[in-house]
Each structure stands twice: as C-alpha cells, then as structure tokens.
Novice: 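If you scroll down you'll find the structure; I have some questions about it.
Below, chains carry the letters A, B, ... as their sequence lines are ordered, and counting in each starts from 1.
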There are 2 protein chains.
Amino acid sequence: MWSDHINYYGDMRTHQLVLTWIEKQLSEGALSVGGRLPAERTLAEQLGVSRTSVREAIRILEAMGVVRAGVGSGPEAGTVVISDPTAALGSALRLHVATQHLPVADIVETRVLLESWAAARARADAPELEQAATLLDEMDAVGHGSREADAFLALDVRFHLCLADAAGNAVVSAMMGSLRESIQGYAATLTANLPDWDATAQRLQAEHRGILAAIRNDDGDLAAKLVAAHIEGYYREAGVRHAAKS
Amino acid sequence: MWSDHINYYGDMRTHQLVLTWIEKQLSEGALSVGGRLPAERTLAEQLGVSRTSVREAIRILEAMGVVRAGVGSGPEAGTVVISDPTAALGSALRLHVATQHLPVADIVETRVLLESWAAARARADAPELEQAATLLDEMDAVGHGSREADAFLALDVRFHLCLADAAGNAVVSAMMGSLRESIQGYAATLTANLPDWDATAQRLQAEHRGILAAIRNDDGDLAAKLVAAHIEGYYREAGVRHAAKS
DNA sequence: GTCGGGCTGTGGTCTAACCACACTGTAGAC
DNA sequence: GTCTACAGTGTGGTTAGACCACAGCCCGAC
C-alpha cells in the first residue's frame with residue numbers, strides 16, 4: 001500500500017509527514033483558502049497514521065495561522081484553511097522575546113524600518129488612507145484619562161496597519177503587524193511611564209495627521225521621516241533607549 | 001488544588017494552558033535558552049492535564065523554534081530551550097506562500113528592503129565581514145557546471161546572512177533568513193532559467209566583492225544601492241517580474 | 001406549520017499501553 | 001585492574017480506543 005511512500009520519507013516524524021502532505025496539497029491548489037481539510041479521523045486513515053499525529057500537524061498549522069479548527073457541524077465547523085501570517089509571525093516573535101534572545105530595541109528598530117518604507121511607498125490614492133483618516137477621528141473621540149489609553153492605542157495600532165497596507169506589500173504588512181503584536185503587552189505598560197497622557201495623545205494625533213497629509217501629497221520622503229520620528233519619539237518619551245546602540 | 005487556576009483560564013484550550021505556563025516560565029527567567037523542560041509526563045502531572053495536551057504545546061514550540069526535542073537520555077536528550085526565530089518565521093512564510101496569499105514578488109521586495117538597510121547599517125569593522133570574505137573565496141573554489149550551482153547558492157545564502165548579521169539587528173537577521181528560506185525551493189529552480197550559469201556566477205561574485213568593499217569603506221549608501229541592484233538583477237535575469245507592480 | 005428531541009459528524013481530551021533510543025551502572029570475562 | 005557486554009532507566013514517538021461537548025440536521029409528535 002503506502003508503505004513504499006512511507007519509506008521514502010524515512011526518518012521523518014509522523015506529524016511531519018502529515019504536514020508535508022498538507023503543504024503539498026496547498027502548493028498544488030488541491031487545498032486553498034476557504035477550503036476544508038478532511039476530518040481528522042479520515043485524514044488519519046488516509047495517511048495511515050494515528051489521529052494523534054494528524055492533530056499535532058494541525059496544531060502546528062493552527063499556530064502558523066494556516067488553518068482554523070471549529071467544533072460542531074455546519075459551514076463554520078471543521079478545519080478550514082485560512083491565511084493569517086500575522087498570527088504566526090507575531091506569536092513566534094513574542095515567544096522569542098520571552099526568551100530574551102530578541103531584544104525589544106531590535107524590534108522597535110525594525111518597526112521603524114518597515115513603517116518608514118511603507119510610508120514612503122504608500123500610494124496617495126490608496127483606499128486604506130480613507131480608513132486611516134476615520135480611525136484618527138475615532139481616536140479624537142475617545143475620552144481622556146488613562147483608562148481610555150488602551151482604546152486609543154488599539155486604534156493607533158489599526159491606523160499604523162492601514163498605512164502599511166497602503167504600501168501594497170503583504171509581507172511587510174504581516175511583519176509589521178506581528179512586530180506590533182509581539183510587543184503589545186510591553187507597549188501597554190509604557191503608557192504608565194508617561195508624565196501626561198493627554199498631552200502625549202494630542203501630540204501623537206498631530207503627528208498622525210502630518211504623516212497622513214504627507215502621504216496624500218505624494219511626499220514619500222517626508223512621510224518616512226515623520227513616521228520614524230513619530231515612533232522613535234514615542235518610545236523615547238516612554239523611557240525605552242532603543243536607538244542608543246553605541 | 002489547581003482548579004481555581006484552571007477556572008481562571010476558563011475557555012482556554014488545554015494545550016494553550018500549557019503554552020501559557022511555559023511562556024510564563026520563559027518570561028520570568030525560570031526557563032532560559034539551554035535549559036530543559038520537565039519531562040512530558042512530569043509536566044502533564046504538574047499541570048493536571050494529559051500528556052497529549054503537553055505534547056501539542058511542545059509541538060507548537062518546536063515549530064516556533066523555541067525548543068528542540070531529543071529522545072534518549074543524557075545532555076542531548078529531553079526537551080531543551082533553544083532560540084531559532086528564523087525557523088519559525090521561515091516555515092510560516094513558506095506555508096503562506098504555499099497558500100498563494102503571500103506573493104513571491106512581495107517576498108523579494110521585502111528582502112531587498114531588509115538587505116539594503118542591513119548593508120547601509122553594517123559596521124565596516126564587523127567581524128562577520130571576515131567570514132563573508134571567506135565565503136566568497138569558497139564560492140570561487142566551487143567547480144563549474146549546473147551540478148555545482150547548488151553548492152554556490154548555499155554559500156551565497158550564508159554570505160548574505162553574514163552581511164545581515166553585520167548590521168547587528170537580530171530581528172532583521174531572522175527575518176532575512178526566513179525570507180530566504182521560504183523561497184529557497186523556488187530560487188533553486190530559477191537557475192534552470194539562466195542561459196549561462198558560469199557567466200552569471202562570475203557576475204554575482206563581482207557584485208558580492210563590490211558590496212563587501214563598499215561596506216568596508218563605510219560607504220553605506222553605495223552598499224545599499226549595490227545590494228538592491230544585485231538582488232533585483234538576479235531575479236530579473238532568472239525571469240521573475242517582481243518589481244513590475246504597475 | 002411548529003416544536004422538540006434524537007442522530008450524526010466534528011474537534012477536544014484523556015488513558016494506557018507499547019516502541020526506539022541513548023545513556024548508566026553493574027556483573028562478568030580476561 | 002581493565003575492559004566488555006548487557007540489563008536497567010528515563011526520555012520522546014506513536015498508537016488505539018474511549019468519552020465529551022458542540023452544532024447542525026432530520027424526523028416525528030403535536
């Protein structure tokens with residue numbers, strides 16, 4: 001039966017065999033986003049492995065943001081193929097930050113790099129800019145006080161992601177989102193260091209509008225400079241010495 | 001006992017509970033790189049879950065490049081904490097490329113972005129440059145013929161990683177390595193498109209030396225330009241229209 | 001026609017067992 | 001005394017089988 005096939009993969013661990021099979025299906029287009037994997041029991045029987053091994057492979061894919069598992073029956077149930085690269089990169093980066101082998105400073109630096117590039121490259125007529133403008137208005141609308149800082153920051157994240165999306169590079173967008181996610185918990189605590197949140201929020205908003213205006217004026221260089229200053233300024237104010245490499 | 005604790009995490013899936021516990025240990029420094037996780041059976045008992053769930057969590061960490069599992073006994077055995085962000089990002093990107101939701105063009109573009117930045121920022125006296133020079137000599141030494149192209153490309157990967165490391169940003173290095181890995185299979189087939197591999201290899205080597213010289217002369221801007229031209233030129237010659245976004 | 005309750009198929013979890021592996025220590029041969 | 005062979009021990013790797021919760025579906029009672 002499939003024993004020859006198994007032998008070909010030799011010393012590969014069982015769940016890796018399942019992963020290879022699924023990745024092959026994806027590459028060949030037999031599985032695509034929105035499609036559903038065979039049921040775990042079915043897949044196990046098809047590949048001649050135990051359900052446990054199939055589940056381990058699916059767990060990995062789930063962690064990678066490639067599939068989503070849902071119980072029950074119906075269209076929302078089963079294991080369906082999605083595509084959420086941000087989730088994968090984000091949790092990976094977060095874990096490695098936890099091991100303290102990825103300095104937060106390097107993450108901030110990379111974020112500046114990616115966002116500057118995105119701002120410089122964003123198209124002035126990108127539809128994402130409309131959404132970005134809406135988000136800025138919402139940020140103005142949130143009340144004052146430290147309690148509201150979280151809401152402000154949540155909108156801030158989406159604003160920056162909109163700018164990244166406007167550059168039209170899915171990889172850069174995903175990486176930016178994951179960088180942001182990986183230090184989200186970190187950034188949230190930073191607001192406590194700020195002497196005057198209201199003043200900071202107003203300054204950030206002014207900077208946001210300056211960046212948006214620069215992009216809409218097709219002044220990519222200016223937009224990139226403003227973004228870099230915006231991010232670095234925030235972390236510097238909150239007490240992170242990230243650019244002090246020397 | 002731990003039931004209160006369990007209730008706190010409420011609807012969290014069991015393996016996520018294990019993941020949370022391990023990540024907490026990492027954050028607190030109770031576990032660090034080189035350390036060993038408790039044995040699977042022990043951990044299962046400690047956390048009050050089944051070994052299955054513990055294994056699923058460990059599988060995810062393994063896929064993320066956070067741990068390495070080894071059978072047997074002795075210092076090399078057991079589940080030990082490592083830190084290989086490149087592995088995580090690489091396989092994640094590769095999988096999403098397979099779903100065709102991450103265009104190869106975007107990956108190449110991002111690679112140009114990151115490598116240009118790294119070249120511009122690399123220190124002229126970085127020790128990694130020595131290694132890079134050695135790699136160039138080795139590339140010269142490999143024989144001609146398409147059979148040797150693989151060996152050449154393998155050294156080429158390491159050369160570019162050296163340059164990235166010279167910039168001193170772990171996140172950028174990891175992302176670069178993962179980008180390269182995610183399209184490795186893709187890039188290998190590209191050489192078949194080349195009309196004259198020997199000529200291409202010689203040109204690449206000349207460009208490599210030019211880049212290295214620029215970095216050593218502290219001419220970051222030139223190095224960045226050369227790197228961008230180097231990468232884009234290769235893919236263009238091999239038949240990838242990646243910059244043709246318009 | 002509407003409501004209720006089983007039926008079915010999905011992932012989620014657990015238990016218990018076995019295997020392969022690599023070291024470790026000890027008993028025996030020399 | 002030293003070396004060798006081998007059983008012991010602890011590790012991850014894998015499997016089978018069972019049970020649960022969930023969500024949709026279908027059919028019968030009313």
Side-chain angles (χ1 to χ4, degrees), chain A residues 1-3 5-7 9-22 31 34-82, chain B residues 1-3 5-7 9-22 31 34-82:
Chain A
M1 302 261 294
W2 37 262
S3 55
H5 215 226
I6 295 290
N7 287 341
Y9 295 111
D11 49 356
M12 186 180 279
R13 285 191 288 177
T14 314
H15 76 271
Q16 288 175 326
L17 187 147
V18 181
L19 273 179
T20 305
W21 185 86
I22 295 178
L31 273 177
R36 290 171 51 166
L37 260 68
E40 293 178 355
R41 294 166 176 85
T42 308
L43 198 48
E45 196 180 3
Q46 278 186 12
L47 299 181
V49 300
S50 71
R51 191 180 160 208
T52 309
S53 302
V54 171
R55 283 181 63 75
E56 287 182 354
I58 289 179
R59 277 282 173 282
I60 293 176
L61 293 175
E62 199 180 18
M64 296 283 197
V66 177
V67 303
R68 168 181 57 76
V71 294
S73 53
E76 287 303 305
T79 306
V80 335
V81 180
I82 61 177
Chain B
M1 303 258 293
W2 37 261
S3 54
H5 215 229
I6 294 292
N7 286 340
Y9 294 110
D11 49 357
M12 187 180 279
R13 285 190 289 177
T14 314
H15 76 272
Q16 288 176 327
L17 187 147
V18 181
L19 273 179
T20 305
W21 185 87
I22 296 178
L31 272 177
R36 289 172 49 168
L37 261 67
E40 293 177 354
R41 295 166 176 84
T42 309
L43 197 49
E45 194 180 6
Q46 278 185 14
L47 299 181
V49 301
S50 71
R51 192 180 160 211
T52 309
S53 302
V54 172
R55 283 181 60 78
E56 287 183 354
I58 290 180
R59 276 284 173 283
I60 293 176
L61 293 176
E62 198 180 19
M64 296 283 197
V66 176
V67 302
R68 168 181 57 75
V71 295
S73 53
E76 286 302 304
T79 306
V80 333
V81 180
I82 61 177

Novice: Tell me: CD1 of Ile58(B) to C1' of dT14(D), nearest whole Å?
Specialist: 15 Å
Novice: What is the distance, to the nearest angstrom, from the CG atom on Leu37(A) to the P atom on dG9(C)?
Specialist: 19 Å
Novice: Could you measure the distance from the CD atom of Gln16(B) to the CD1 atom of Ile60(B)? Nearest 0.5 Å is fine.
Specialist: 7.5 Å
Novice: I want to check something: taking the side chain as every heavy atom from C-beta on, are Leu37(B) and Val80(B) in contact at a cut-off of under 4.5 Å?
Specialist: no
Novice: For a quick check of understanding: with a heavy-atom distance under 4.0 Å over all strands, which category does Arg68(A) fall into, base, sugar-phosphate or nothing?
Specialist: nothing
Novice: Figure out the NE2/P separation between His15(A) and dG12(D), and round it to whole Å.
Specialist: 15 Å
Novice: Counting only side-chain heavy atoms from C-beta out, which of dT14(D), dG11(C), dT15(D) sits nearest to Glu40(A)?
Specialist: dG11(C)
Novice: So how far is it from Glu40(A) CD to Glu45(A) CD, rounded to the nearest 0.5 Å?
Specialist: 14.0 Å
Novice: In whole Å, I'd like the distance from the CD atom of Glu56(B) to the C1' atom of dT14(D).
Specialist: 14 Å
Novice: Take atom CE of Met12(B) and atom C1' of dG12(C), then tell me their distance rounded to the nearest Å.
Specialist: 15 Å
Novice: Would you tell me if any nitrogen or oxygen in the side chain of Thr52(A) comes within less than 4.0 Å of OP1 or OP2 on dA16(D)?
Specialist: no
Novice: Quick one: OG1 on Thr79(B) to CZ on Arg55(B), what's the gap to the nearest 0.5 Å?
Specialist: 8.5 Å
Novice: Should Arg51(B) be listed as having a side-chain N or O under 4.0 Å from OP1 or OP2 of dG12(D)?
Specialist: no
Novice: Enter the distance from Gln46(A):CD to Thr42(A):OG1 here, rounded to the nearest 0.5 Å.
Specialist: 7.0 Å
Novice: Do Leu19(A) and Leu61(A) make a side-chain contact, defined as non-hydrogen atoms from C-beta onward lying under 4.5 Å apart?
Specialist: yes
Novice: Could you tell me whether Glu56(B) and Arg59(B) have a side-chain N and a carboxylate O separated by less than 4.0 Å?
Specialist: no
Novice: Considering only heavy atoms, which members of residues 71-80 of chain B lie under 4.0 Å from some atom of DNA chain D?
Specialist: Val71(B), Gly72(B), Ser73(B), Gly78(B), Thr79(B)
Novice: Measure CG/Leu61(B) against P/dG12(D) and give the value in whole Å, please.
Specialist: 13 Å
Novice: Between the base of dG12(D) and the side chain of Arg13(A), is there any donor-acceptor pair under 3.5 Å?
Specialist: no
Novice: For a quick test of reading the model: is some side-chain N or O of Thr14(B) closer than 4.0 Å to OP1 or OP2 of dT13(C)?
Specialist: yes
Novice: Leu19(A) CG to dG13(D) C1': how many Å, rounded?
Specialist: 15 Å
Novice: Distance check: side-chain N/O of Arg59(A) vs OP1/OP2 of dT13(C), anything under 4.0 Å?
Specialist: yes
Novice: Counting only side-chain heavy atoms from C-beta out, which of dT13(C), dT11(D), dT10(C) sits nearest to Arg41(B)?
Specialist: dT11(D)
